[in-house]
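First comes the structure, then the notes that go with it.
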Amino acid sequence: MELVETAVMIALYRQNPGLLRRNSPFVRRRRPLLSFLQFLQVEEQEPLAHYALMRATHDSPLLPPGQHVRSDFPRFGVVAFAKRTLRATEIRLEVIGAIEQPVVLTAADLATLPRVTQTTDFHCAAGWSHLANEWSGVRFKDVWEKLILPKARPTTDIALVILRCEDGFRTALPLTDLLADDVLLADRLNGEALTMDHGAPIRLVAPAHYGYKNAKHLTRIELGGDDRSYRALLRVLDHPRARVAYEERGPYLPGWLLRHVFRPFIGRIVRQIQELGSRR
């Protein structure tokens, strides 16, 4: 209920910032929230100018709005998934959904495609970034055009791809986003085979999208004509596209607000996952 009330207040405030000056009982009870929104308004209006100024005055890399750099690259996410024991050591990707023929892709299949190595930044929706990661693998576009299309033979125009993982996590992206040249199915990071912390044996790397779209421990690719077959695990946090450049951190609340909501939990989540140790 509090989340719904907050969303309503944000919508009202963005329509009429003068709401803060009213003196009705409704406003008086919620004045702390409105004051907080007023405080953040400058970042909402001019985020790119803010970070351009940061770069010019602090010699820092130009980050997307609301991000800060971490020198380490921790495993991060919902702690419940990090607790689960994973057993897969070999690549096995099931392709299912609106297709004529289910397909299983293995490392041998992927080895028929050109290997790609690219260096890109990783941006977490919680507000941290790790820069210059060297990923190696194959382009999703090549997997789609040279393996999935001829072998699985979709029965409809595919619009949405659901990514399912061994630890039970799932997310989804429009096919058009996955066909970008920088989207990989990666099995190596910085010249070494992926560790379990970073998604072994294979994961998605989609640099233009927040980390929760970069599915780790990928086991299943489900194809659909629309989103009717997809139910997000965390509906209030799973944006349909989660594009970094547009600060699409979640589907309902604005990204400039969510960055401040998430930030206090970053350290605690990192510590909790680290304390679990390697279970695999």
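- With rounding to the nearest 0.5 angstrom, the CG atom of N214 is 10.0 Å from the CG atom of L184.
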Checklist entry - Checking side chain to side chain contact (heavy atoms under 4.5 Å, CB included) for the pair L185/L93: CA distance, chi angles, key distance, verdict? => result CA-CA 11 Å; L185 292 179; L93 297 176; 3.9 Å; yes
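- Between the Y212 side chain and the R249 main chain, a donor and an acceptor come within less than 3.5 Å of each other.
- Counting only residues at least two apart or in different chains, side-chain hydrogen bond (donor to acceptor under 3.5 Å, both in side chains) contacts with residues 199-211 are absent.
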Side chains of residues 144-154: which donor-acceptor partners sit under 3.5 Å, not counting sequence neighbours?
unit_1, atom_1, unit_2, atom_2, d
K151, NZ, D109, OD1, 3.4
R153, NE, E100, OE1, 2.8
R153, NH1, K151, O, 3.4

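- Remark: side-chain polar atoms of N133 are paired, donor with acceptor, to backbone N or O of T120 under 3.5 angstrom.
- A salt bridge does not link E248 with R241: none of the charged nitrogens is closer than 4.0 Å to a carboxylate oxygen.
- Note that CD1 of I91 and CG of L105 are 10.0 Å apart. Values are rounded to the nearest 0.5 Å.
- At a threshold of 4.5 Å between side-chain heavy atoms, the hydrophobic network of Ile, Leu, Val, Met, Phe, Trp and Tyr places V205 and L113 in two separate groups.
- Counting heavy atoms from C-beta on, the side chains of L175 and F140 come closer than 4.5 Å.
- In this structure, D157 has no salt bridge (charged side-chain N to carboxylate O under 4.0 Å, His left out) partners at least two apart in sequence or on a different chain.
- Residues that satisfy the ring pair (Phe, Tyr, Trp, His ring centres under 6.0 Å) test with W135, not counting sequence neighbours, are absent from this structure.
- Take R139 and apply the side chain to side chain donor-acceptor pair (under 3.5 Å) test, not counting sequence neighbours, and it matches no residue.
- Side-chain contact check for P114 versus D142: some heavy-atom pair is nearer than 4.5 Å.
- Contact record, I266 with H68: CD1-CE1, 3.9 Å, taken as the closest heavy-atom pair.
- Checking side-chain atoms of E247 against main-chain N and O of P254 turns up no donor-acceptor pair under 3.5 Å.
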Item to check | Evaluation steps, side chain to side chain contact (heavy atoms under 4.5 Å, CB included), between V104 and V95 | outcome: CA-CA 6 Å; V104 175; V95 183; over 6 Å; no
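- Qualifying salt bridge (charged side-chain N to carboxylate O under 4.0 Å, His left out) partners for R164, counting only residues two or more places apart in sequence or in other chains: E222.
- The side-chain heavy atoms of V161 and L223, taken from C-beta on, include a pair separated by under 4.5 Å.
- Cluster membership for V116 and L204, using ILVMFWY side-chain heavy atoms within less than 4.5 angstrom, is not shared.
- The shortest heavy-atom contact between A215 and C165 is CB-SG, 3.6 Å.
- Taking the salt bridge (charged side-chain N to carboxylate O under 4.0 Å, His left out) definition, one finds that E94 meets it with R92, R220, sequence neighbours left out.
- Looking only at side-chain heavy atoms (C-beta outward), I162 and L160 come within less than 4.5 Å of each other.
- The ring pair (Phe, Tyr, Trp, His ring centres under 6.0 Å) check on F73 picks up F122, H130, H198, with sequence neighbours excluded.
- Listed by chain and number, the residues in a salt bridge (charged side-chain N to carboxylate O under 4.0 Å, His left out) with R271 amount to none (sequence neighbours excluded).
- The distance from atom NE2 of H239 to atom NZ of K213, rounded to the nearest 0.5 Å, is 8.5 Å.
- Checking side-chain atoms of H217 against main-chain N and O of I202 turns up no donor-acceptor pair under 3.5 Å.
- Every pair tested for salt bridge (Lys or Arg N to Asp or Glu O under 4.0 Å) that includes a residue from residues 124-138 fails, sequence neighbours excluded, so the list is empty.
- Taking all atoms of both residues into account, the shortest heavy-atom contact from A132 to N190 is O-OD1, 4.4 Å.
- By the side chain to side chain donor-acceptor pair (under 3.5 Å) test, D187 is found to be paired with R115, residues two or more places apart in sequence or in another chain being considered.
- When atom types are taken as modelled, the side chain of R243 and the backbone of Y246 share no donor-acceptor pair closer than 3.5 angstrom.
- To the nearest 0.5 Å, atoms OG1 (T219) and CG (D167) are separated by 8.5 Å.
- Remark: S129 engages Q67, H123 in a side chain to side chain donor-acceptor pair (under 3.5 Å) (not counting sequence neighbours).
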Next on the checklist: As a quick check of understanding, evaluate side chain to side chain contact (heavy atoms under 4.5 Å, CB included) for K216 and E166, giving each step before the final call.
Outcome noted: CA-CA 8 Å; K216 300 188 289 284; E166 190 191 356; over 6 Å; no
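- The two residues P174 and P240 make their nearest non-hydrogen contact at CD-O, 3.7 Å.
- The CZ atom of R70 sits 12.5 Å away from atom CG of L131, with the distance rounded to the nearest 0.5 Å.
- The distance from the CG atom of L163 to the CG atom of L178 is 6.0 Å, given to the nearest 0.5 Å.
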